[in-house]
Amino acid sequence: MAPGQKMYPRATVKKIVKAHSKCNVSKNVDVMIFLDYVLFMQTLVKEATIDSKQAGERNISAKSIRKVTPDTLAKFKG
Amino acid sequence: MANNNPASSRRGALAPLSTPRVAITPNRRGVSGEPASGHPSASARRNNVATTPHARAAIRAMDQRRAALFTPGRARRRSLREQRETPRDLLRNLSRVLAPTSKIVSSSSSPDYSARDNDSLPPFAEEGEGDDDDDFPIERPRFSLPLGPEEDDDDDLKPPRLSGFEEDNYTMQSIELPRRAVTDNLIRSSLGSIRYSDYMGPDIQSDDNGIDSGFFPPPALDDTAEMMMEEPAMIERLDADEARRQTIGGDSVFGAIEIPDVGNESTFVMAPVQSPVRDPTATEGFEGLGGDSGPFDDIDDDDDDDDDVNEPMEMPDFGMEDEANDETDDAAVNNISTIEETTLLRTASLTRNRGTKRKKGKKISRYGIEYPSLPANVVKRLATTFAKTAGSKGKISPDTLDAIMQATDWFFEQLGDDLSAYAKHAGRKTIDESDMITLMRRQRQTNASTTPFALAQRHLPRELLQELRMPVPVPSKPPRKKSRHADAEGEEEEEVT
């Protein structure tokens, strides 16, 4: 990541979570939330890569992402 | 040698050895004389050979082992003693004691049993001595008497007992019943006779020397004529049996129904077919998005999101585009500078985008609150980096990005639900860091060896890490920091694989 670049829009993440939870989000929780999201993305992409490789595709296909999404979401169900 | 040795070995060589053999010798008389006589001969030969006391001791040990191996007589005796301890044997001993005085009792037993006793002696004769034969006639009436009066007197009372047995048997044999149910009407009587032969058979042989002997053996022997002759005694039982058979016929009907259940089991094979049904649901959600924005729109979505989001993000476009693919670069350039690489489709999709992006950018949660989705450039950057680390080329097609965005939305929805649940459970209206820590622990993302700080240090830039570290000097965190470095190393190693 280029220096000086923000990794993610903090306000957006806060808004998203606030909308979904109808709760206030304390000051720095969004960092943890984004961290969790990063982990989620890591898992998702890794699983999708495995799946697409099994399907014989070189790149990650949308199909494999869709196939893997439910499992990964279930994995990240608290 | 062989002829002389057994005697010499017993007396000379082995007598000093074996107190066990002294105990064994009575057994040899009865049972195991031959193997015991065979072995000492070999040992005696060896004794002739062995001159040193050490060798003798070794041979003694050998002989003792053999004695232990080849003396089944001991075990038999023990088993006999155990058998004698059974209540039956207690009764037998008591009968032996009482036999001389209780000769009068023989009169109480019906004279029929005397003949039977002669029949049933041989099994007992194996165990008992010849002297006890006189005592047995007194005992055996006692065995047979309780069984006899049940059948004699309790013809009315018996069916419940039979029902107990039969019901158990029917439930146990319910699988076989459909086969019988086909022939129900014809063979009921014969079935009844079979059952009596099954359960009453031993009683018939042993006890029917008395009055019942006329009743039961004929049905057991399939003599239906005698069945007809002796109906008054049998009818009640047969009726009870028939009623049960009817119920059993019902059961057999169910058993016959269970065969289509096997077909239902074949439908369990269909159950895995249901799981693909989930995938369409997932894809439907995607298709819903697909309806909002076509596959070509995705590039443009990136661009639009870049435009919208990057402004608050302080010009992250260029840095991102440096890392991102050429497509995004092109697309971004298209949006920003409107260069003419745009095909007709792209222009069309752009026009759509402007319309649909408003819909897509603002969604409404279930609480009725509008929320934006995470900017696609952030998502794409993350996906690209992780795709590279995961081993693929790192190219994220717009279709794929669309799917990832959908997954992202779902993830945040799920996360918001979980966090609100935790916060409300804690009695708060504010989602706290403890909620997030709880969530990550429940997600198995953090555990004893993985701290959230280790993860943050690995995945987040330093500014965010400081943000994470600064405000909360909660006592729970410093100990985590201590183990952070080692954990981070271990995790990195894990992730590489």
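Chain identifiers are assigned alphabetically (A, B, ...) following the order of the sequence lines, protein sequences preceding nucleic acid strands; residue numbering begins at 1 within each chain.
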Do you know which of [options] has the most heavy-atom pairs under 4.5 Å to chain A?
{"options": "B:D435, B:L415, B:T446", "result": "B:L415"}
{"options": "B:E413, B:R442, B:E370", "result": "B:E413"}
{"options": "B:T408, B:I364, B:L419", "result": "B:T408"}

Any side-chain heavy-atom pair of [X] and [Y] under 4.5 Å:
{"X": "A:M32", "Y": "B:I437", "result": "yes"}
{"X": "A:L73", "Y": "B:Q414", "result": "yes"}
{"X": "B:Q443", "Y": "A:L39", "result": "no"}
{"X": "A:R66", "Y": "B:D399", "result": "yes"}
{"X": "A:F76", "Y": "B:L439", "result": "no"}
{"X": "A:F34", "Y": "B:L382", "result": "yes"}
{"X": "B:M436", "Y": "A:L35", "result": "no"}

When you look at [atom1] of [X], are more than 12 heavy atoms from neighbouring residues, nucleotides or ligands closer to it than 6.0 Å?
{"X": "A:K63", "atom1": "NZ", "answer": "no"}
{"X": "B:K429", "atom1": "NZ", "answer": "no"}
{"X": "A:K75", "atom1": "NZ", "answer": "no"}

Could you check whether the rings of B:F411 and A:Y37 sit parallel, tilted or perpendicular, using 30° and 60° as the cut-offs?
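B:F411 vs A:Y37 ring planes: tilted.
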Nearest heavy atoms of [X] and [Y], plus distance in Å:
{"X": "B:L464", "Y": "A:V31", "answer": "O-CG1, 3.7 Å"}
{"X": "B:A407", "Y": "A:L44", "answer": "CB-CD2, 3.9 Å"}
{"X": "B:P375", "Y": "A:T12", "answer": "CD-CG2, 4.2 Å"}
{"X": "B:P372", "Y": "A:K15", "answer": "CD-CB, 4.0 Å"}
{"X": "A:I60", "Y": "B:S397", "answer": "O-OG, 4.3 Å"}
{"X": "A:M41", "Y": "B:A383", "answer": "CE-CB, 3.6 Å"}

Ring centres under 6.0 angstrom apart (B:F412, A:H20):
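Centroid distance B:F412-A:H20: not below 6.0 Å, so no.
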State whether the side chain of [X] and the backbone N or O of [Y] hold a donor-acceptor pair below 3.5 Å, judged by distance alone.
{"X": "B:S420", "Y": "A:C23", "result": "no"}
{"X": "A:S21", "Y": "B:D417", "result": "no"}
{"X": "B:R381", "Y": "A:M7", "result": "yes"}

For each of [options], tally heavy-atom pairs with chain B at distances under 4.5 Å, and name the one with the top tally.
{"options": "A:N59, A:V25, A:T43", "answer": "A:N59"}
{"options": "A:D30, A:I33, A:V68, A:V13", "answer": "A:I33"}
{"options": "A:V29, A:T72, A:D36", "answer": "A:D36"}

Residue part contacting chain A, namely of B:T438, when any heavy atom lies under 4.5 Å:
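Neither part; nothing is under 4.5 Å.
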Please classify the contact of B:Q445 with chain A as side chain, backbone, both or neither, using a heavy-atom distance under 4.5 Å.
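Answer is side chain: those atoms of B:Q445 sit under 4.5 Å from chain A.
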If I measure from the heavy atoms of chain B, does A:K22 come under 4.5 Å with its side chain, its backbone, both, or neither?
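Both parts, backbone and side chain.
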